[in-house]
Structures are given as C-alpha cells and as structure tokens.
2 protein chains.
Amino acid sequence: MSDLMDQQQYNCAVELTLSVIGGKWATIVLAHLKEGVHRYGALRRRIPAVSEKVLVQRLRGLEVSGLISRHSDGGNPPSVEYRLTPEGESLIPILEALHAWGEQRARRTGARIAPVAEAAGGGGR
Amino acid sequence: MSDLMDQQQYNCAVELTLSVIGGKWATIVLAHLKEGVHRYGALRRRIPAVSEKVLVQRLRGLEVSGLISRHSDGGNPPSVEYRLTPEGESLIPILEALHAWGEQRARRTGARIAPVAEAAGGGGR
DNA sequence: ACAAGAACTGACTTTGCGGTAAGCACCTGG
DNA sequence: CCAGGTGCTTACCGCAAAGTCAGTTCTTGT
C-alpha cells in the first residue's frame with residue numbers, strides 16, 4: 001500500500017472527505033465507475049460535459065488517492081479500463097446517497113436529468 | 001412552496017446534488033448545522049478557516065436553496081440562529097456518510113482532524 | 001469615553017479549477 | 001492514402017469561488 005500520509009490539519013472529517021472527492025467532476029466520475037468497469041472512451045461518452053483534459057486529470061488524481069485503478073492492455077489500439085478499488089468501493093454509500101438525493105430534488109424542483117448515453121453509435125434502441 | 005424551478009439540464013443526479021451542495025464550504029456548514037441549531041458566531045468558531053464573507057455567502061445560498069432557515073430575534077445585540085429545514089434534514093444521510101468516510105480515511109492515512117472548537121473563551125479542557 | 005462583541009457588508013485581489021483547442025502515436029477499414 | 005477511432009498531453013485562457021481587510025450599527029461592560 002502506498003502510504004499517502006496527509007500532513008494537513010482538517011477541522012472536521014467532512015473537510016477531509018471533500019479534499020479527496022471535492023471539485024466538480026471527481027464524484028461524478030466515481031458515480032459512473034460504481035456501476036462497473038469502464039473504458040476511458042465509455043466514461044467520456046457517459047460524461048459528455050467534461051473535457052478530456054479534466055477527465056484525465058481527475059482519473060489520475062483518483063488513482064493517486066487510491067480510489068480507482070487503471071488497467072491498460074498495453075496493446076494497440078490502446079484499451080484502458082478504470083474501476084473502483086476496494087477503498088473506492090467504500091465510497092458507494094456516499095455515491096448512492098448523492099444520487100438518491102439528486103433524484104428526489106429533481107422531482108421537487110422540476111430539474112431535468114438526461115438519461116445516460118451509454119454507447120457511441122446506435123446503442124439508443 | 002417557493003418554486004425554485006431549475007431549468008438546467010443535468011446529465012446525472014449526482015451532478016444536480018453537487019450543484020446545490022458543491023463548493024468548498026456548503027457541505028461543511030451543513031455538517032455543523034446537522035448537530036443542531038447554531039448562532040452565526042458559533043458557526044464562525046466551529047469553522048475557523050472560513051472567512052466571514054464566504055460564510056455569509058454560503059448561509060444565504062443555502063437559505064435560498066431551502067436547506068437552512070435563518071431566525072433573527074431582531075433585537076440588539078443581534079442574535080441570529082441557523083438551522084436545517086426539513087429538506088436540509090433530508091441531507092443527513094449524505095452528511096453522515098461523508099463524515100464517517102472522512103474518519104475512516106483519517107485512520108488509514110494518518111491525517112489529523114482537529115476537535116471541534118465549541119466556545120470562544122476558555123473551552124480548551 | 002472606549003473597547004469589545006454581535007452580525008454582517010462591500011471593495012478589491014488572487015487562485016485554481018476548469019474550458020478550448022491543438023497535437024501525438026498507433027492501428028484498422030474503406 | 002486518408003479518415004477515424006483509441007487514449008492521451010500540452011499550452012493557453014477565463015471566470016467564479018474564495019481570500020483579504022476594512023468598515024458599519026448597535027449594546028454592554030469597565
């Protein structure tokens with residue numbers, strides 16, 4: 001285990017959690033990854049609003065934090081899979097709570113949530 | 001019911017949740033408020049790292065979002081209390097999950113979490 | 001009279017997260 | 001041969017959230 005010793009002083013536990021999964025995209029990436037293993041391109045299509053640069057940045061950051069793991073087959077054309085590590089899986093209660101609350105709030109406020117766009121071509125039935 | 005109709009298109013429920021409680025401080029404020037009613041000054045002391053400007057901004061924002069309510073006695077010296085609304089209380093599962101995960105992670109990584117500084121004078125032991 | 005404390009407000013600056021756009025290395029299909 | 005797909009990297013830029021710090025109104029304590 002890489003010991004990522006954190007020398008920062010936090011004034012509450014929530015603050016520490018946010019320092020790991022805070023920001024606009026980290027949690028969203030994790031939320032998709034909790035649904036299973038995904039290739040880089042699959043994540044891109046599921047989160048169309050994020051730019052490639054930021055997506056890669058988040059993936060790297062989450063990897064360093066030990067929440068996700070990256071598996072490349074080294075072949076060509078490249079194929080890279082991302083998945084939650086056991087520690088990443090320990091976030092699932094949070095991710096599900098965030099998801100459930102968002103759905104409830106959407107009902108209350110009338111916000112629209114687009115269905116997940118899974119595949120690139122022709123998947124849409 | 002104040003209808004805060006949200007015309008934004010979100011691509012997942014988590015994204016919607018983050019649009020409400022995202023940012024560096026909102027969640028932390030809520031986490032303290034879930035422990036009970038707090039006066040403005042008490043929040044300031046419990047979250048020493050936040051500036052007054054930002055604290056007020058967040059409180060106003062959360063009020064507009066319907067998650068907290070503000071009660072001023074109108075007297076002088078002023079006394080203002082903040083508390084979770086019922087909708088704010090619906091966030092408690094999230095807040096507790098964030099808290100629990102932070103504590104676990106602190107144990108794993110050795111991060112230090114300062115105990116909550118409750119009172120202004122003489123609270124230390 | 002003066003300082004301190006309550007709960008803010010406002011002007012100004014900074015910073016970092018994120019967005020845009022382009023390029024790269026390699027392979028396959030037409 | 002060239003477009004298109006895979007999985008990135010790099011340089012540059014912009015903006016909104018956050019930080020700094022001073023000021024404000026009123027009251028109580030000394």
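Residue numbering restarts at 1 for every chain, and letters A, B, ... go by the order of the sequence lines.
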Reading nucleotides 10-19 of chain D from 5' to 3' and marking B where a protein heavy atom lies under 4.0 Å of the base, S where only the sugar-phosphate is that close, and - otherwise, the string is BB------BB
Starting at the 5' end of nucleotides 22-30 of chain D, put B wherever the base has a protein heavy atom under 4.0 Å, S where only the sugar-phosphate does, and a dash everywhere else.
-> ----BS---
Taking only residues two or more places apart in sequence, or in another chain, which ones meet B:W101 in a side-chain hydrogen bond (donor to acceptor under 3.5 Å, both in side chains)?
-> A:S90
For B:T85, check side-chain hydrogen bond (donor to acceptor under 3.5 Å, both in side chains) against everything at least two apart and list the hits.
-> none
Sugar-phosphate, base or nothing in reach of B:R44, heavy atoms under 4.0 Å = nothing
Describe the nucleic acid contact of A:S72 in one word from base, sugar-phosphate, nothing, applying a heavy-atom distance below 4.0 Å.
-> nothing
Scan residues 58-82 of chain A for pairs that pass salt bridge (Lys or Arg N to Asp or Glu O under 4.0 Å), counting only residues two or more places apart or in two chains.
-> A:E81-A:R83
Does [X] have a side-chain nitrogen or oxygen under 4.0 Å from the phosphate oxygens OP1 or OP2 of [N]?
| X | N | result |
| --- | --- | --- |
| B:R70 | C:dC8 | yes |
| B:Y40 | C:dT9 | no |
| A:R39 | D:dG5 | no |

Roughly how many Å is it from [atom1] in [X] to [atom2] in [N], rounded to a whole number?
| X | N | atom1 | atom2 | value |
| --- | --- | --- | --- | --- |
| A:I28 | C:dC17 | CD1 | P | 16 Å |
| B:Y82 | C:dA7 | OH | C1' | 8 Å |
| A:D73 | D:dT6 | CG | C1' | 10 Å |
| B:L55 | C:dA6 | CG | C1' | 14 Å |

Drop me the distance from B:I21's CD1 to B:L67's CG, to the nearest 0.5 angstrom.
-> 8.5 Å
Which residues share a side chain to side chain contact (heavy atoms under 4.5 Å, CB included) with B:A100, sequence neighbours left out | none
Listed by chain and number, what are the side chain to side chain contact (heavy atoms under 4.5 Å, CB included) partners of B:A13, not counting sequence neighbours?
-> A:H99, A:E103, A:I113
Please identify each residue that fulfils salt bridge (charged side-chain N to carboxylate O under 4.0 Å, His left out) with A:R39, with sequence neighbours left out.
-> none
Which donor-acceptor pairs under 3.5 Å do the side chains of residues 29-36 of chain A make with protein atoms, sequence neighbours left out?
| from | atom 1 | to | atom 2 | distance (Å) |
| --- | --- | --- | --- | --- |
| A:H32 | ND1 | A:R46 | NE | 2.9 |

Treating Ile, Leu, Val, Met, Phe, Trp and Tyr as nodes and any side-chain heavy-atom pair under 4.5 angstrom as an edge, say whether B:V64 and B:V80 lie in one connected cluster.
-> no
